[in-house]
Number of protein chains: 2
Amino acid sequence: MGTTQLEAVPEPKYWHLRTVLTEALDSEFAVGEILPNERDLAARFGVARATLRQALEQLELEGRLQRRRGVGTTVAPPRVGVAVGTEQHAWPGAAGDVWQAADCVLAVPPATVAAALETGVDTPVLTVRRSRVSHGQPVAAELLYVPEASVPDLSGIDAPSGAARARAVLRALQRLELESRDSAVELGSARADDAKELDRLPGAPVLVVTTRFLADGRTAALSVATYRADTCRLTFGDAGGVEIHQDPERAAS
Amino acid sequence: MGTTQLEAVPEPKYWHLRTVLTEALDSEFAVGEILPNERDLAARFGVARATLRQALEQLELEGRLQRRRGVGTTVAPPRVGVAVGTEQHAWPGAAGDVWQAADCVLAVPPATVAAALETGVDTPVLTVRRSRVSHGQPVAAELLYVPEASVPDLSGIDAPSGAARARAVLRALQRLELESRDSAVELGSARADDAKELDRLPGAPVLVVTTRFLADGRTAALSVATYRADTCRLTFGDAGGVEIHQDPERAAS
DNA sequence: GAGTGGTCTAGACCACGCG
DNA sequence: GCGTGGTCTAGACCACTCA
């Protein structure tokens with residue numbers, strides 16, 4: 001027979017903390033409210049600061065908290081839905097596009113991009129930098145790679161770089177017939193430059209959306225867009241997406 | 001004029017470590033190879049184990065490493081692409097579906113799900129559990145919520161629960177006319193039950209895909225699918241997605 | 001039982017935002 | 001200058017896998 005096991009699977013402290021804090025956030029805190037600082041919270045729960053931080057990291061990952069150095073930890077608003085898969089058959093920069101073209105240079109892309117574009121590994125391609133703002137907050141940074149071969153009628157434009165050239169490249173793309181586009185979403189961590197643009201620290205979790213634009217039977221452009229994973233919910237499909245985020249630690253049985 | 005600033009922004013040790021390790025992985029290690037253990041690695045780089053672990057965590061998040069307690073740290077294979085947005089106008093369980101129905105119970109769903117289904121907060125709905133395997137590895141766990149009102153002709157089926165009932169529910173859905181579906185992708189952390197099914201620890205990063213199925217002008221079913229973020233690349237759109245993952249710490253200018 | 005990664009502690013100092 | 005979160009250390013013990 002043996003004794004009944006009550007605490008058969010003692011969960012880690014940080015995980016239990018996460019649960020407790022989640023419930024507290026749901027019931028006792030308003031969006032934007034400032035939490036006690038980490039040292040106080042750790043003392044209150046009787047754990048080391050590192051352990052408390054592990055719980056806070058989880059909650060930040062889940063979009064429940066926002067931490068800013070020198071300021072404090074605040075309760076985050078619900079994630080904003082950002083449309084990614086609508087306008088299924090439009091080039092970047094088409095009417096109604098929510099992106100802001102920032103710059104355009106001619107540069108050798110990363111090897112993985114060169115492979116997808118089927119250009120040589122040392123062939124420079126037009127590289128357009130764009131950014132996306134939603135509700136006053138930067139939510140995404142994009143690099144759009146366009147082989148010069150895709151926009152032959154661009155040659156002769158004077159501006160060697162800058163926002164004007166970026167817009168010219170986008171306009172040139174509109175003149176092509178878009179066959180199809182497909183995307184992939186994966187988790188990544190923000191590189192230094194993206195992190196700066198997204199107002200985060202390097203290594204912050206991001207959702208990387210890679211989109212390939214097909215025209216004339218080949219990849220005419222490739223977009224690598226980096227979204228803040230803590231604040232964004234990417235929506236695809238016919239309507240605006242579903243207003244749900246996962247319920248913490250609650251099974252359905 | 002003042003002195004030139006050489007090390008103006010000294011990057012954190014763990015970030016530098018991540019970069020060094022990434023390069024080592026690219027050049028000196030094969031997929032599946034086992035890395036030295038954490039204590040040795042930390043000593044080799046002259047840092048505390050916690051600092052080394054911070055770098056390894058980043059790399060695991062990026063899908064470059066796989067760590068298993070009691071075993072060791074191995075070099076991960078490239079992420080597998082899993083199609084999410086294809087068969088745009090099909091119900092779950094349609095022909096060619098890659099999911100494995102496991103169970104079906106009648107239970108009260110989380111409040112957020114009840115809201116999306118427009119059922120009462122205390123109304124039980126049919127809850128189908130399915131799992132998805134790719135390349136011999138579990139990649140996703142799904143909960144499919146189906147209000148009983150969506151499948152009225154199901155009443156009378158005897159099996160109160162189990163895989164048989166799950167399949168019956170899916171078959172009943174096929175008989176409805178699907179108007180449209182839309183999805184959203186966001187970052188989450190695995191709850192205990194999902195973590196177990198995905199062979200990960202609780203809190204592991206996951207990509208949560210929420211899909212709403214519309215029929216007869218209302219939400220006939222709601223799917224919440226949890227994908228392993230470390231091993232999966234979710235693909236949407238016409239073709240199979242793009243075989244790219246972001247180049248570590250390399251700007252395009 | 002030996003060896004691995006996972007958790008936790010109690011400190012220290014640093015970088016940043018703001019008054 | 002003060003308070004915040006971010007980084008880092010040097011330990012300890014635990015949970016797990018496998019020979």
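Here the structure is a predicted model, which is why all the values come from computation and not from measurement. Each chain gets a letter, A, B and so on, in the order the sequences are listed, and its residues count up from 1.
- Residue B/Leu41 contributes atom CG, which lies 12 Å from atom C1' of C/dG5 at whole-angstrom precision.
- Taking the side chain of B/Pro12 as heavy atoms from C-beta on, and the options D/dG6, D/dT7, C/dT9, the nearest nucleotide is D/dT7.
- Between the side chains of A/Gln66 and A/Thr74, not a single donor N or O lies within less than 3.5 Å of an accepting N or O.
- Between A/Tyr14 and C/dC8 there is no side-chain N or O to OP1 or OP2 distance below 4.0 Å.
- As judged by a 4.0 angstrom heavy-atom cut-off over every strand, B/Leu56 is placed among residues making no nucleic acid contact.
- Taking atom CD on B/Gln58 and atom C1' on D/dG6, their separation rounds to 13 Å, with Å as the unit.
- Straight-line distance from the CD atom of B/Glu60 to the C1' atom of C/dG5: 10 Å, rounded to whole Å.
- Here C/dC8 presents its P atom at 14 Å from CZ of A/Arg18, a figure rounded to the nearest Å.
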With the criterion being N/O to N/O and under 3.5 Å, what pairs connect the protein with nucleotides 13-19 of chain D, and how long is each?
residue: D/dA15; atom: O4'; partner: B/Arg69; partner atom: NH1; Å: 3.2

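- Salt-bridge annotation for A/Glu186 and B/Arg79: present, with a side-chain N of the basic residue lying under 4.0 Å from a carboxylate O of the acidic one.
- The distance between atom CD of B/Gln54 and atom P of C/dT7, rounded to the nearest whole Å, is 14 Å.
- Whole-Å rounding puts the B/Trp15 CH2 to D/dT7 P distance at 10 Å.
- Checking the phosphate oxygens (OP1, OP2) of D/dG3, no side-chain nitrogen or oxygen of A/Asn37 falls inside 4.0 Å.
- Without hydrogens or angle criteria, A/Arg200 side chain to A/Ala190 main chain gives no donor-acceptor distance under 3.5 Å.
- When distances run from any side-chain atom of B/Ala48 to the nucleotides C/dG5, C/dC8, D/dA10, the shortest one goes to D/dA10.
- Between the CZ atom of A/Arg53 and the C1' atom of D/dG5 there is a distance of 6 Å, rounded to whole Å.
- Looking at A/Thr22, its side chain does come within 3.5 Å of a backbone N or O of A/Arg18 through a donor-acceptor pair.
- The nearest whole Å value for the distance from the CG atom in A/Leu17 to the C1' atom in C/dT9 is 14 Å.
- Regarding contacts with the backbone of C/dG5, a side-chain N or O of B/Thr73 is found under 4.0 angstrom from either OP1 or OP2.
- DNA chain D is contacted by both B/Gly46 and A/Asp40; A/Asp40 maps to the nucleotide lying nearer its 5′ end (nearest heavy atom per residue).
- There is a side-chain donor-acceptor pair under 3.5 Å between A/Tyr227 and A/Arg132.
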- Using the side chain to side chain contact (heavy atoms under 4.5 Å, CB included) rule, take A/Thr235 and A/Arg233 through it: C-alpha gap first, then chi angles, then the decisive distance, then the call. CA-CA 6 Å; A/Thr235 66; A/Arg233 198 182 70 250; 4.2 Å; yes

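- Remark: A/Thr51 is in phosphate contact with C/dT9, judged by side-chain N or O atoms under 4.0 Å from OP1 or OP2.
- For the residue pair A/Gln100 and A/Ser131, no side-chain donor N or O sits within less than 3.5 Å of a side-chain acceptor on the partner.
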